[in-house]
Every structure is written in structure tokens, then in C-alpha cells.
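Computed from heavy atoms alone, side chains included, the values below leave out hydrogens, waters and symmetry copies. We count residues from 1, following the sequence as given. Both counts, for ligands and for their atoms, begin at 1 and track the order of listing.
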Amino acid sequence: MSKINLLPKNVAELIAAGEVVERPASVIKELIENSIDAMASQITIEIQRGGITYIRITDNGIGIEKDDVPTAFLRHATSKISTDSDLESIGTLGFRGEALAAISSVARVKMLTCTADSTEGTHYSIEGGVEQSFEEAGCPKGTTIIIRDIFFNTPARMKFLKKDVSEGNACTSVVERIALSHPEIAFKFIRDGKTTLTTSGDGNLKNCVYSVLGREFTNSLIEVADENGGVRVKGLTCKPVFCKATRNSQFTFLNGRLVRSGTVIAAVEQAYKNSAMVGKFPAFVLYLEIPLDTVDVNVHPAKTEVRFSDEKRIFDSVYVAVKNAITKSDTRPEVKLTEPKFNPFENVTAREYRQQVISVEEKPKYIPEPKIEQKSPVLRSRTNFDFMNSYSIANEKGEKIEVRPTPKTDLEKVVEVESKSESPRLQPIVEDKPQIVLIGEAFSTYIIVQMNDSIFMIDKHAAHERILFNKLKTDQKIEVQALLTPITVKLSSSEYDSLIGNTGLLENGGFEVEDFGNSTVIVRGIPSFLTGEDINSVISEIAEGLIKTGKVSVERQEEIFHTVACRAAIKAGNIISRTEMQSLAEKVLLNKDIMYCPHGRPVAFEIKKRELEKQFGRIQ
Ligand code: ADP
Ligand code: MG
């Protein structure tokens with residue numbers, strides 16, 4: 001082995017550069033961060049050929065004093081920290097003092113900079129780590145840095161670059177993310193001569209998100225603003241129905257810095273549990289502010305992974321903030337009708353038309369009273385009861401009449417249990433409850449009702465499933481129906497294992513299941529909701545569900561509840577009485593908790609009266 005040598009400065013710098021300068025996008029990231037640290041309020045980024053041949057960053061920040069310029073290009077030269085204790089509370093984006101040294105060792109770099117109180121600026125140029133010129137120059141306040149021919153002296157690294165387009169896209173994505181992290185800074189991004197992004201820098205989050213991510217995204221978002229346990233969480237997150245197929249639209253900013261944090265993602269996704277469709281991911285832009293000493297950013301050279309000293313506190317704060325925002329803002333998905341195709345003025349004059357509209361609108365408003373139908377025996381797939389008979393109702397004088405109970409359906413049982421604490425349902429509607437007028441049912445699937453200024457279409461299966469699911473989740477003890485003849489169910493070995501490993505959770509769900517050996521279980525009791533169901537198939541469905549669900553026991557418990565709720569709920573096509581429809585509609589519309597079925601499908605859609613009026617040309 002040969003003698004140990006200290007590496008020459010330029011070789012050491014080339015090696016170090018590898019950590020910071022991976023591709024044009026990483027150069028841009030470092031340089032924009034420098035501009036932000038220099039308190040710029042306007043930053044322009046220009047690239048050509050994906051940033052490989054040309055990058056320019058111009059800012060209006062504090063600039064660098066002439067004498068400091070060459071120093072700034074030395075390794076470990078930084079104005080941002082000076083002692084080890086400063087490392088404990090890093091408030092700037094840079095602090096390693098590496099970027100300029102690294103970039104200038106693998107590219108041709110020019111800097112023009114001028115501080116607020118100097119009359120002359122400085123022009124400095126350095127190529128492959130070697131100073132080319134250092135002189136005074138007239139220039140505006142702030143700093144412009146131009147990087148040409150990245151990796152010109154390291155052809156091996158050059159080979160690793162992708163096509164111009166890919167490198168350019170990576171630069172765009174960096175600029176977008178940084179722009180999102182600083183709504184108070186006006187960004188402009190020019191790519192191959194075209195301005196592709198501008199933000200106003202007015203400090204308004206929504207405007208910033210709009211500029212960066214587009215209108216469609218912005219309109220689907222709800223605001224988050226909360227503070228728990230010293231953690232401030234604000235920003236925007238999407239309505240559950242707008243969840244996306246990938247996690248690409250998830251942005252977390254921590255004290256102004258874009259970070260990746262599994263904890264934050266997990267907390268947000270947990271908050272969407274049971275609201276978003278399975279397999280879809282929430283889109284969000286969240287800004288977290290936490291005390292500087294509770295986070296360790298010095299984890300990864302690219303500094304995007306963060307570690308929190310108290311992960312649980314972060315998880316809880318984010319979860320609560322997002323959950324609250326979703327719950328508060330949750331409105332039912334609204335059906336926007338397409339623009340009316342006919343021209344209302346085609347066959348009548350505008351004046352005639354307006355008169356007609358006025359005469360219709362002046363008529364006294366007539367809202368039909370909810371009809372309570374006299375039941376006649378009808379064929380039902382699951383039910384053979386008279387829904388009305390099962391609990392007390394009020395007669396015209398307001399007196400309660402108790403009616404003889406008859407066998408009940410699952411739906412009825414739920415309604416009954418849930419209404420115990422409430423006043424009887426079919427009495428005259430009290431003032432503060434909005435009146436829900438049943439219009440009817442379409443395709444034996446969608447219940448149509450009118451409430452306030454809207455029409456709602458309710459998917460009766462999804463609605464009933466959600467009601468049952470909520471009940472299963474909140475009930476302390478689920479009513480168990482013991483089976484007179486226990487049922488044995490033969491399963492695949494993985495299904496068998498999943499059931500045997502979860503007998504406790506099954507018991508919470510109202511099942512009494514025991515091991516019968518030889519991949520077989522014996523079912524001695526079932527939740528009474530499921531009386532009459534094909535227990536064999538329910539049990540294998542639960543087993544399959546458990547196999548797919550992760551290790552978290554809460555999730556596995558919910559999976560069992562999902563299956564029970566889904567199996568016990570009335571199905572599309574089942575015939576139900578108008579009273580049942582009315583009751584379901586009330587449950588759904590008067591309870592904010594019933595927005596989505598447990599799989600995240602919406603339970604109801606809203607069509608606003610205004611939308612109809614627009615459609616019919618009554619209003620513009
Ligand atoms: P770091 O950002 O980690 O301190 P850099 O190598 O990126 O290290 O920058 C070195 C120093 O150069 C910074 O600490 C800062 O003082 C100065 N500097 C770099 N870019 C700018 C800029 N755009 N405006 C003002 N000062 C800058
Ligand atoms: Mg820096």
C-alpha cells in the first residue's frame with residue numbers, strides 16, 4: 001500500500017461536491033435557498049437545456065460584501081452559523097457552507113452581487129474551483145449567480161444526467177416546491193426562454209397554491225389552521241372525494257423548509273380513514289411550525305428527511321388539525337349540472353320570458369307534507385315487518401301512540417336503537433330541524449329528498465352501511481345471536497390463520513368463532529344484524545379482508561365492522577317503504593358523520609336549487 005496523502009483541495013472538493021451537486025435541480029435548490037436566506041422578496045430562476053448548460057438565479061436579497069465573496073466559495077464558509085451551539089437551532093435553509101464551493105468545483109460560475117449600503121457591486125468568476133476574476137462592477141442590489149456547463153470537468157458525472165427534459169422537469173419541481181414553501185416571495189421561473197411559473201409573493205397561501213398547482217387543485221381544497229401542543233399546522237388539504245391515485249401531491253413544509261416526513265403523511269392519511277376511497281391518497285400542502293429545538297434537520301445532506309424529537313406529538317397535532325378541518329368543512333359532493341344547452345330566448349322574447357318567470361315565482365310556495373303511507377304487504381327481499389309499528393309515533397293531537405312491535409329488520413333495529421335517546425321521529429317536525437321532504441326513489445337504489453334549498457340523492461346501501469358501521473364502532477357490546485346449530489367453515493390455510501389470530505377482534509364484532517382444527521373454524525354466534533345471512537361466505541369474506549389489512553389492530557377491527565355493515569345493509573334493488581326511506585334520509589342528512597360509506601364512496605349527492613334554476617334558464 002502506498003503512502004497516506006492528504007488529498008489536494010480541488011480533489012477533496014470534487015468528492016464533497018458529489019454530495020451536494022447531483023444534478024441541475026440540486027444546484028437550483030441550493031441557490032434558491034441561499035437567496036431565501038438572504039431575505040430576498042423576489043427570486044427569478046432561469047434555465048436552459050434542463051439546467052445543464054445554463055442556470056441563472058437573480059435575487060433582491062442582502063448581497064455579499066466584496067471581501068467576503070471569494071470566502072463564500074470556500075468549503076465550510078458560511079455566514080449562518082459560527083459555533084456548535086448554533087447547530088441546535090437552525091433557522092436558515094443553508095448552514096453547511098458547502099454549496100457554493102461544491103457547485104463552483106464542477107461548473108463555470110459567475111456571481112454579481114451588491115449589498116444595500118455599497119455603491120459598487122462585485123463581479124466574481126470561478127471555474128472548476130479556480131478563481132478567474134474578482135473585480136468591482138456596477139450592478140443592482142442583490143445577487144445574481146450564473147452556472148454554466150455543469151460537470152464540464154467531470155465527464156463521468158455528466159453521463160449520469162438524464163435527458164434535458166427530465167432534468168428540466170426536476171428543476172421545475174424544485175422551483176414549485178420552494179415557491180409553495182414561501183408564499184411571501186415572488187418567484188419567476190423561465191425555462192428555455194418561456195416563463196412557466198410566476199407567483200405573486202403576496203403571502204396568501206391560496207393564491208400561491210393556485211399559481212403553482214392550478215385552479216382545479218385549489219378548488220378542491222379545504223383550509224387547515226390549528227395549533228396543538230406547540231405545533232402550528234396550517235395549509236390546505238383536499239376534500240376526501242378528491243383524493244388522488246398517487247402521493248405526488250403531498251407537500252409538507254416544516255418551519256419554511258420542504259421536508260419528507262413519514263409521520264406527517266401517516267397522520268394526514270389516518271385523518272382521512274373512512275372518508276377517502278381505499279387506495280387513494282390525500283393531496284395536501286401543509287405548513288408546520290414547531291420550536292426549532294424539537295426537530296433535527298441535520299439528518300441527510302439534501303436535508304429533506306427530518307426527524308422529530310417527539311414524533312407522537314407531531315402525529316397527534318397533524319391528525320387533529322386535519323381531521324377537524326375535514327369534519328368542519330365537509331359538505332356533500334355537489335352535482336354541478338352542465339351548462340344548459342338550450343337558449344331560453346330562442347322562441348320567446350326576453351320580456352315574455354321574464355314575465356313568465358316572475359309569474360311562476362310569485363305563486364305561493366307549496367311544499368308537500370311528508371306522506372306517511374298506509375302499509376300494504378309488499379314483497380321485500382329481507383324484510384317482513386311494518387316499520388311504522390315498531391315505535392311510538394304522535395297522532396294529530398300530539399299524543400304518543402304505542403304500536404305493537406312486529407319482527408324488525410336490521411335497518412329498523414338500528415333506527416330504533418339510535419332513536420331511543422331522541423324524540424320520536426314521525427311527529428311534526430320541530431322548527432330548528434330542517435324539513436326533509438321525501439320525493440321518492442330512483443332505480444330502487446337512490447332515495448331522493450328535498451331539504452332547504454337542495455335536492456339530495458342518497459345511495460341507500462352506502463347510507464345504511466355507514467349507519468351500521470358507525471353503530472358497530474360505537475357500541476360497547478354488540479348483540480350476539482347464538483346459533484342453535486353451530487356452523488363449521490372450511491378455509492384456506494392463510495384465511496384460517498388470519499381468523500384464528502384475531503378471535504378477540506371477531507368477538508368484539510359479535511362473532512363467536514373457535515378453532516376446529518384442520519383449517520376449519522366453528523361459528524357459534526354471530527352479530528344479530530346478520531341473522532339470515534350466509535355465514536359461510538361472511539366468514540370467508542372477513543378472513544380475506546383480514547389478510548389484506550395491515551398489522552394495526554384498530555384497522556383490522558374496522559375491517560371486520562366493514563364486512564358486517566356491508567353484509568347487513570339493505571342492498572340496491574331491495575324494496576323499502578317510504579317511511580324507511582324518510583328515516584334513512586333523516587339519519588343521513590341530519591348527521592354530519594354520515595358522509596361516506598366505510599369504503600369512502602359518498603353517501604349522498606346534493607343538487608342545489610340554484611343549479612336547477614340555471615339549468616332551466618330561470619337565472620343566469
Ligand atoms: P450556506 O448556505 O450553507 O451558508 P453556501 O455555500 O450556500 O453555504 O453559501 C456560503 C455563504 O455565501 C452563505 O453563508 C452566505 O453568506 C453567502 N451567500 C450565498 N448566496 C447568497 C445570496 N444569494 N445572497 C447573499 N449571500 C449569499
Ligand atoms: Mg447555501
Taking both backbone and side-chain atoms of [X], is any N or O found less than 3.5 Å from an N or O belonging to ligand 1?
X	value
A99	yes
E30	no
L100	yes

Check: E555 and Q270 side chains under 4.5 Å, non-hydrogen atoms:
yes
Do K110 and R148 have side chains that get closer than 4.5 Å, going by heavy atoms?
yes
Could you pull out, from A72, S35, A102, the option with a heavy atom nearest to atom 12 (O) of ligand 1?
A72
Under 6.0 Å from the ring centre and within 45 degrees of the ring axis: does the NZ or CZ of K66 meet both conditions for the six-membered ring of Y124?
no
Within 6.0 Å of NZ in K141, more than 12 heavy atoms from elsewhere:
yes
Is the number of heavy atoms from other residues, nucleotides or ligands under 6.0 Å of E311 CD greater than 12?
yes
Between R191 and N169, does any side-chain donor sit less than 3.5 Å from a side-chain acceptor?
yes
Between N60 and S41, do the side chains contain a donor N or O and an acceptor N or O under 3.5 Å apart?
yes
Please classify the D37 to ligand 1 contact at 4.0 Å (heavy-atom distances, strictly less than): side chain, backbone, both or neither.
neither
Side chain, backbone, both or neither: which applies to A38 and ligand 1 if a contact is any heavy-atom pair less than 4.0 Å apart?
side chain
Say whether E98 and ligand 1 are in contact under the criterion: heavy-atom distance to a ligand atom below 4.0 Å.
yes
Would G61 count as a contact residue for ligand 1, given that I'm defining contact as a non-hydrogen atom of the residue lying under 4.0 Å from a ligand atom?
no
List every atom of ligand 1 that sits less than 4.0 Å from any heavy atom of I64, numbering the atoms from 1 in the order shown and giving each element.
17 (C), 18 (N), 25 (C), 26 (N), 27 (C)
